[in-house]
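Taking it in order: structure first as structure tokens, then the write-up.
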Amino acid sequence: MDLSSINPILLIASLMVASTPILLAAIGEMVAEKSGVLNLGVEGMMIVGAICGFATAVETGSPFIGFIAAAAGGAILSLIFGFLTQYLLSNQVATGLALTLFGLGLSSLMGQSYVGIKPPATEKLDIPLLSDIPAIGPMLFNHDIWVYVSLALVAAVWAFLKYTRGGLILRAVGESHDAAHALGYNVIFVRLAAIAFGGACAGLGGAYLSLVRVPQWTEGMTAGAGWIALAIVVFASWRAGRVLLGAYLFGGITVLQLNLQAAGVAIPVELLSMSPYLITILVLVIISSDRNRAALNAPASLGRAFHASH
Amino acid sequence: MKKRTFLAGVAATALATAAFAGSHGDGPVKVGFVYVGPIGDGGWTYEHHQGLLAVEEAFGDKVETVYQENVPEGADAERAMTQMALQGADLIFTTSFGYMDPTINVASKFPNVKFEHATGYKRSDNVSTYSARFYEGRAVQGHIAGKMTKTNKIGYIASFPIPEVIRGINSAYIHAKKVNPDVEFSIVWAYTWFDPAKEADAAKALIENGADVILQHTDSTAPQAAAQTAGNVVTFGQASDMGEYAPFPRVSSIIDNWGPYYVQRVQAVMDGTWASVDTWDGIGPGMVGIGEISDAVPADVKAEAEALRDSLASGEYHAFTGPINKQDGSAWLAAGETADDGTLAGMNFYVEGITADIPN
């Protein structure tokens, strides 16, 4: 076994890049689910974000504006879902699936004239001092801003849910919408806000794929990343820290197994290929295996429609 | 009318219409295409769709085409094919290796519908197979790759361990080794035909492990973009020209040209002369094209590669010409002997010198 050709610094750097799209989508979906909304349209919102961000970045020449547009695109699409499920009380599972199909179709329509175009490069931050630390600098402190934004978002979501009044209201709505309504909170408004946040995050994740990780526009380019994000939220038992762990495990092992293959390590390729799914699920299931606490974490009103006349 | 009887009536009419359309007296010939990826993938499916457009161009009103994109290989493929057959398709092209068994299954239920399966080896009375000798193109790529690499490490993004992919790896390796005895192949199995993010990651992993030439057997242009970002890495267009990455990193390409074949087969259905056949054409008949070799390749290497291409096209040289040993050192082809199509079609071994193992 010859591992000498694997450079750990480059490995960890690409691990962070590979994990970011899933992390962004998953943290957004977690907030939506915490408010009691199960939005299965993550894949659709991601890919619409990918093309909105790509098209805008190409037209304006600014990847930053592209990311903003991607967040807006994802949020707008998610609000269609919000309108259907919150006001027209449509079934959340069916509507979410429809949103994915709609997003895939819409994105390939929007992307017709963007195939084969190269996007403007997203600059890497060169953080003074920190980037110059040997080994750790290029590993952790030499990424584009969105890697740090995604990490900051995780921290912000964690703090918001745990320490703020807004977070408490959001969780109350997700646990028991009738009780929250009786207390005078606007359940539908809170849920719409959570849905839009989820859509914006999914959009950012999609744009990270099309502008940084790949970077190009290809139809269907999310190729299931949205579903992975959804699964990570569940296996992470709706906790921000575990979502981060899950996304980094999945992205990290994906990159690691490709590197092991490239280095010619004598582990059967089938095992390596399934390892990201296997290890991510295993680890998250084990740390969430305390039955009572895991059950407490699933929002009690998840997926249930709310109507104020009840 | 009660709702149920109304629905039954509608269903009966639809069935009758389907049956009528299936017999295609004077109506247009209906041709269906089942695609594994999106037509905008810039590679494999894109070229099949160009074939569909060529059929429309050639026959105009006399033909009606339908296609479905992103059909997964497996049970869902049967559903897509059945649906096309029920809609009255006369001829259905199923354009990925993994559609092999679904095609055979559906074909047995619709004996009057003709099926054409790409890159497989199972035929029946109403199922033809067709494929292109991509390995001839791989030989040209291998030659250029062996000459261009400075690190002597060539990365190969493989999709699934099927004969077509293994043939490509062997052919590229033999010809790279011929011009550069120090060359090494590192092979990454992506287990997908189309996943831009994963293809990009695979390309990055290979580059980080020292490869400076990347060959790909997956369908998107993502590895080209990764190579371009890395700066000094050579790539080749796969299935389609991928000319937007020329002249560098993409220095040449293998182009699948299905149009003439599709036109010919649709014509055969119209004439009533369609029969189950096995077609396997290479550079010579034009089913495999070699995309323009860019100026990033030194003139002498370009000339050699073009000479190789021409000798493969004329049939004067075969890409698998002995002496070649199998990976375990046992003899496969004696000096001057060429591989027979049967062995090539079922190729499940690496040639001597490749250090990896084929996944099962």
Side-chain angles (χ1 to χ4, degrees), chain A residues 2-7 9-11 13-15 17-18 21-22 50 104-105 107-108 111-112 114-119 121 208-210 212-225 251 254-274 276, chain B residues 37-43 45-46 69-70 151 153 155-158 160-161 184-211 219-226 228-229 240-245 354-360:
Chain A
D2 175 25
L3 293 177
S4 58
S5 67
I6 298 181
N7 180 336
I9 296 173
L10 290 177
L11 181 71
S14 26
L15 174 162
V17 170
I22 301 175
L104 288 168
S107 65
S108 73
Q112 295 273 313
Y114 291 98
V115 174
I117 294 179
K118 293 166 202 114
Y208 195 80
L209 271 177
S210 64
V212 181
R213 186 165 164 215
V214 174
Q216 55 174 243
W217 165 250
T218 318
E219 259 179 59
M221 66 181 304
T222 46
T254 305
V255 170
L256 178 67
Q257 70 99 354
L258 291 169
N259 269 281
L260 290 175
Q261 285 198 43
V265 171
I267 302 174
V269 175
E270 301 87 327
L271 273 182
L272 287 175
S273 288
M274 69 168 114
Chain B
I39 55 178
D41 68 355
T45 297
Y46 172 81
E69 304 170 80
N70 292 316
T151 60
K153 236 182 170 183
Y156 205 111
I157 306 173
F160 293 98
E184 268 180 58
F185 266 39
S186 59
I187 301 159
V188 167
W189 295 93
Y191 279 96
T192 179
W193 289 113
F194 177 81
D195 182 344
K198 195 165 189 187
E199 293 170 48
D201 287 345
K204 281 179 209 157
L206 287 164
I207 293 166
E208 285 166 11
N209 279 279
D219 298 347
S220 89
T221 47
Q224 314 276 332
Q228 192 166 45
T229 314
S240 189
D241 194 40
M242 303 189 176
E244 61 268 28
Y245 290 95
I354 299 180
T355 47
D357 289 319
I358 299 177
N360 299 313

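Every chain is numbered from 1 and lettered A, B, ... according to where its sequence line falls, protein lines coming before strand lines. Heavy atoms only: backbone and side chains are in, while hydrogens, waters and symmetry mates are out.
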Side-chain (A/Gln261) to main-chain (B/Trp189) donor-acceptor, under 3.5 angstrom: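 Yes; judged by distance alone, with no hydrogens or angles, the pair exists.
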Does any backbone or side-chain atom of [X] lie under 4.5 Å from a heavy atom of chain B? Answer side chain, backbone, both or neither.
X	result
A/Pro268	neither
A/Gln257	side chain
A/Val214	both
A/Leu10	both
A/Ser108	neither

Mind ranking [options] by heavy-atom pairs under 4.5 Å with chain A and telling me who comes out on top?
options	result
B/Ala200, B/Gly210, B/Ala197, B/Ala225	B/Ala197
B/Val188, B/Leu206, B/Thr192	B/Val188
B/Ala356, B/Gly155, B/Ala202	B/Ala202

Nearest heavy atoms of A/Gln216 and B/Thr221, plus distance in Å: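 Heavy-atom minimum between the residues: OE1-OG1, 2.6 Å.
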Residues that B/Phe185 engages under ring pair (Phe, Tyr, Trp, His ring centres under 6.0 Å), provided they are two or more places apart: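 Only B/Tyr173 meet the ring pair (Phe, Tyr, Trp, His ring centres under 6.0 Å) criterion with B/Phe185.
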Rounded to the nearest 0.5 Å, what separation is found between the [atom1] atom of [X] and the [atom2] atom of [Y]?
X	Y	atom1	atom2	result
A/Lys118	B/Gln228	NZ	CD	4.5 Å
B/Tyr46	A/Glu219	OH	CD	12.0 Å
B/Lys204	A/Leu258	NZ	CG	11.0 Å

Contacts of type side chain to side chain donor-acceptor pair (under 3.5 Å), residue A/Thr222, not counting sequence neighbours: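 For A/Thr222 the side chain to side chain donor-acceptor pair (under 3.5 Å) partners, ignoring immediate neighbours, are A/Glu43.
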Side chain, backbone, both or neither of B/Lys198 within contact of chain A (heavy atoms, under 4.5 Å):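 Contact with chain A: backbone and side chain both.
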Flag side-chain contact, heavy atom, 4.5 Å: A/Arg213 against B/Asp201: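 Answer yes - side chains close enough.
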Residue B/Glu69 excluded, over 12 heavy atoms near CD under 6.0 Å: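 Yes, enclosed.
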